[in-house]
Amino acid sequence: AKPVPFVSVAVYKPADSVVVAGAMTDSSGHYVVSGLLAGRYVLKTFFVGYLPQTAGPFRLDRNQKLQLETIALPVDTRLLKEVQVTSQRT
């Protein structure tokens, strides 16, 4: 699968679904979320044309750097519509 640039990444507290941090993927599909306190979190991705994906919950300890696995973004086929091309002789 190819990396998807400019995907919105939101980090939530699983208990109340409040967004506590966010980021956007770069042209290589990578992102960095900083400033999180120790605790449990859920990560969710959003991008037009793809289905939202969720990772976690995961636990982050104090001063811990965490690298999550690659998150595959399935195409949202509901957005694909049939296109009909017609021609006319002039």
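Sequential numbering from 1 along the given sequence is applied to the chain's residues.
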Undergrad: Which pairs with one or both residues in residues 2-18 pass salt bridge (Lys or Arg N to Asp or Glu O under 4.0 Å), sequence neighbours excluded?
TA: none
Undergrad: What pairs with Tyr12 under ring-ring contact (aromatic ring centres under 6.0 Å, His included), at least two apart in sequence or on another chain?
TA: none
Undergrad: With sequence neighbours excluded, what pairs up with Asp61 under the salt bridge (Lys or Arg N to Asp or Glu O under 4.0 Å) test?
TA: Arg59
Undergrad: Is there a continuous path of hydrophobic side-chain contacts, each under 4.5 Å between heavy atoms, that joins Leu66 to Val11?
TA: yes
Undergrad: Show me, pair by pair, the donor-acceptor contacts under 3.5 angstrom made by side chains of residues 18-30, not counting sequence neighbours?
TA:
unit_1	atom_1	unit_2	atom_2	d
Thr25	OG1	Val4	O	3.0
Thr25	OG1	Phe6	N	2.9
Thr25	OG1	Val7	N	2.8
Asp26	OD1	Ser28	N	2.8
Asp26	OD1	Gly29	N	3.1
Asp26	OD1	His30	N	2.9

Undergrad: State yes or no: do Leu51 and Val9 share one hydrophobic cluster built from I, L, V, M, F, W and Y residues joined by side-chain heavy-atom distances below 4.5 Å, directly or via other members?
TA: no
Undergrad: For residues 35-44, run the donor-acceptor check on the side chains, cut-off 3.5 Å, and write out each pair with its distance to 0.1 Å, sequence neighbours left out.
TA:
unit_1	atom_1	unit_2	atom_2	d
Tyr41	OH	Leu37	N	3.4
Tyr41	OH	Leu37	O	2.6

Undergrad: Should Leu73 and Leu68 be counted in the same cluster of Ile, Leu, Val, Met, Phe, Trp and Tyr side chains packed under 4.5 Å apart?
TA: yes
